[in-house]
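Chain identifiers are assigned alphabetically (A, B, ...) following the order of the sequence lines, protein sequences preceding nucleic acid strands; residue numbering begins at 1 within each chain. Worth knowing before you read on, the calculation uses all heavy atoms, side chains too, and leaves out hydrogens, waters and symmetry mates.
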Amino acid sequence: MSFAELGLSPEILRAVDELGYSEATPIQAKAIPLVLSGRDLLAAAQTGTGKTAAFLLPILERLKKFANPSVSPAMHPVRALILSPTRELADQIGVNAKAYTKYLPLRSTTVYGGMNMDPQTAELRRGVEIVIATPGRLLDHIQQKTIQLNKVDVLVLDEADRMLDMGFIQDIRKIMSLLPKQRQTLLFSATFAPEIKRLAADFMHDPQTVEVARQNSTNAQVEQLVYAVDSGRKRALLSHLIREREMSQVIVFCKTKISADQLSRDLKRDGHAAEAIHGDKAQSARLETLNSFKSGEVKVLVATDVAARGLDISELPFVVNYEMPNSPEDYVHRIGRTGRAGASGVAISLMSPDEVKQHEAIEKLTRQTLPPQTVNGFERRESSAADSGFGSRNAGRERSDARPAREPRAERAERSERPERSERPERSERPERSERPERSERAPRAPRDLRDAATRSREQRDPQEGLKVARVGAIGGRVLPQRQREVPALLLPPRYKVNQER
DNA sequence: AAAAAAT
């Protein structure tokens with residue numbers, strides 16, 4: 001299906017065309033008409049499916065009627081709000097938005113932490129129709145009264161499951177409760193944990209569901225390999241693989257910031273152009289590293305899960321799990337960095353004896369067997385850990401230089417009737433976090449005073465004036481916090497790791 | 001048990 005057939009305007013089609021896109025991806029073909037119709041959308045879309053354009057393009061089409069460069073900034077209220085879990089993803093969406101609005105007088109800006117607030121505030125004051133934000137900084141702007149959200153028509157929650165995992169759910173709920181009720185909500189998520197469904201039930205109106213790939217599935221284009229190796233030999237094996245497989249570009253995932261730093265140092269010593277990216281790096285360094293990786297200057301990007309989701313590095317051929325991820329969902333996201341947009345990719349996981357549990361969880365979630373193999377010269381020798389680790393289950397399954405040996409499709413399909421997660425007992429709610437009890441007290445706060453000094457002085461002369469503007473001050477013209485008080489469940493802390501086994 | 005995100 002071509003973009004032209006999807007009912008997009010010439011200005012948008014021209015920008016899309018210049019970026020080299022002609023055919024819409026499946027998610028785009030399904031989502032664009034739906035978003036154009038104004039309905040709420042619940043989309044199960046993996047990364048690399050063209051998700052960003054699937055929501056940006058129809059949003060631009062819907063906002064086109066507001067595109068008028070000649071009116072004053074006050075006439076450019078925020079019409080579309082896009083929330084992203086990480087700063088890098090927000091940045092990418094921002095870059096896309098700028099590209100797609102090339103021929104439309106619609107303005108967009110990106111708002112996230114780690115950067116000075118002032119330039120963001122200045123941008124917002126100039127008037128923008130589209131804001132892409134991370135939750136924390138957005139709430140900061142709301143609190144500082146440097147952003148008004150009372151004219152938001154469309155809200156997008158990108159990577160909603162990620163936001164959940166990161167404990168943003170309260171922030172998201174809070175932001176959503178501050179938006180006009182009359183709006184369109186688009187929710188994108190790779191997996192649908194119960195908490196996501198609840199969020200949808202609470203804040204969306206009769207959403208249409210669009211699913212592109214099976215939930216929790218991995219991309220068939222990605223060849224997945226698991227190498228059993230002693231933990232002490234991982235670095236040597238990685239160096240070997242980078243050379244032997246002639247990896248021109250690879251993201252290597254670590255579990256911690258410290259091990260990411262350590263590994264990038266070691267790899268540099270081994271002569272690889274490596275650089276680490278994680279949340280303890282300054283935002284500027286993160287962007288810089290990402291850019292030099294995209295440009296090819298850095299060949300090995302050693303990353304924590306900050307880079308696991310959403311990063312769009314075109315034609316990335318290799319992903320290595322240097323350490324198995326803590327949650328199997330992260331595995332899906334990590335290897336989703338390769339094999340994007342139809343290209344093929346290879347995902348290699350290095351599994352030490354103490355990581356067998358993670359490996360099992362991955363096989364279970366993705367409903368496939370990933371038999372551990374060994375690489376010549378890197379066979380494991382650790383005995384004690386191996387007995388408790390690699391032991392019985394994988395005995396006889398290891399092979400040298402064997403093919404990945406994926407299970408035949410039919411067999412995999414058969415097993416898909418396995419018991420669902422709902423069988424597990426419900427977790428009890430966590431107690432309110434003691435360090436921030438002010439959250440629930442703060443929530444039902446008074447409407448914000450958005451008035452300028454001139455208005456305030458007018459109010460002093462005419463008390464009626466104050467009543468008029470006070471209504472405008474309440475976001476969306478409504479005093480929503482009252483409602484929250486009646487629904488205390490909304491303020492409960494998130495239940496962490498809904499998907500995690502055990 | 002860790003990472004991310006507001007400072």
Going through the distances and angles, do A/Tyr322 and A/Phe253 end up as a ring pair (Phe, Tyr, Trp, His ring centres under 6.0 Å)? CA-CA 6 Å; A/Tyr322 187 74; A/Phe253 284 104; over 10 Å; no
B/dA5 P sits how many Å from A/Ile172 CD1, rounded? 13 Å
Please determine if A/Arg265 and A/Glu275 form a salt bridge, counting it only when a charged side-chain N lies under 4.0 Å from a carboxylate O. no
Within this structure, what is the CE-to-C1' distance between A/Met117 and B/dA6, rounded to whole angstrom? 9 Å
May I ask you to verify if any side-chain N or O of A/Thr304 is less than 4.0 angstrom from the OP1 or OP2 atom of B/dA4? yes
Where the side chain of A/Phe168 is defined as all heavy atoms beyond and including C-beta, which of B/dA5, B/dA3, B/dA6 is the nearest nucleotide? B/dA5
Identify which nucleotide among B/dA6, B/dA2, B/dA4 has an atom closest to any side-chain atom of A/Thr134, counting heavy atoms from C-beta outward. B/dA6
Figure out the CE/P separation between A/Met163 and B/dA4, and round it to whole Å. 17 Å
Whole angstroms only, please: what is the CG-P distance between A/Asp280 and B/dA3? 8 Å
Do A/Asn321 and A/Tyr331 have side-chain atoms, one donor and one acceptor, less than 3.5 Å apart? no
note: A/Ile258, atom CD1; B/dA1, atom P; distance rounded to Å ~ 16 Å
Round to the nearest Å and state the distance from A/Glu355 atom CD to B/dA2 atom P. 14 Å
Give the rounded distance in Å between these two atoms: NE2 of A/His141 and C1' of B/dA6. 10 Å
Under 4.0 angstrom between A/Arg137 side-chain N/O and B/dA4 OP1 or OP2: no
Is a donor from one side chain sitting under 3.5 angstrom from an acceptor on the other, for A/Ser292 and A/Ser295? no
Among B/dT7, B/dA3, B/dA2, the nucleotide that comes nearest once only the side chain of A/Lys257 is considered: B/dA3
Ignoring backbone atoms, test whether A/Arg87 places a side-chain nitrogen or oxygen under 4.0 Å from the OP1 or OP2 oxygen of B/dA6. yes
When the distance from CZ of A/Arg173 to P of B/dA5 is rounded to whole Å, what number comes out? 22 Å
Of the nucleotides B/dA3, B/dA6, B/dA5, which has the atom closest to the A/Thr86 side chain? B/dA5
Flag the pair A/Asp153 and A/Arg183 as a salt bridge only when some basic side-chain nitrogen lies within less than 4.0 angstrom of an acidic carboxylate oxygen. no
A/Asn326 side-chain proximity, nearest of B/dA6, B/dA2, B/dA4: B/dA2
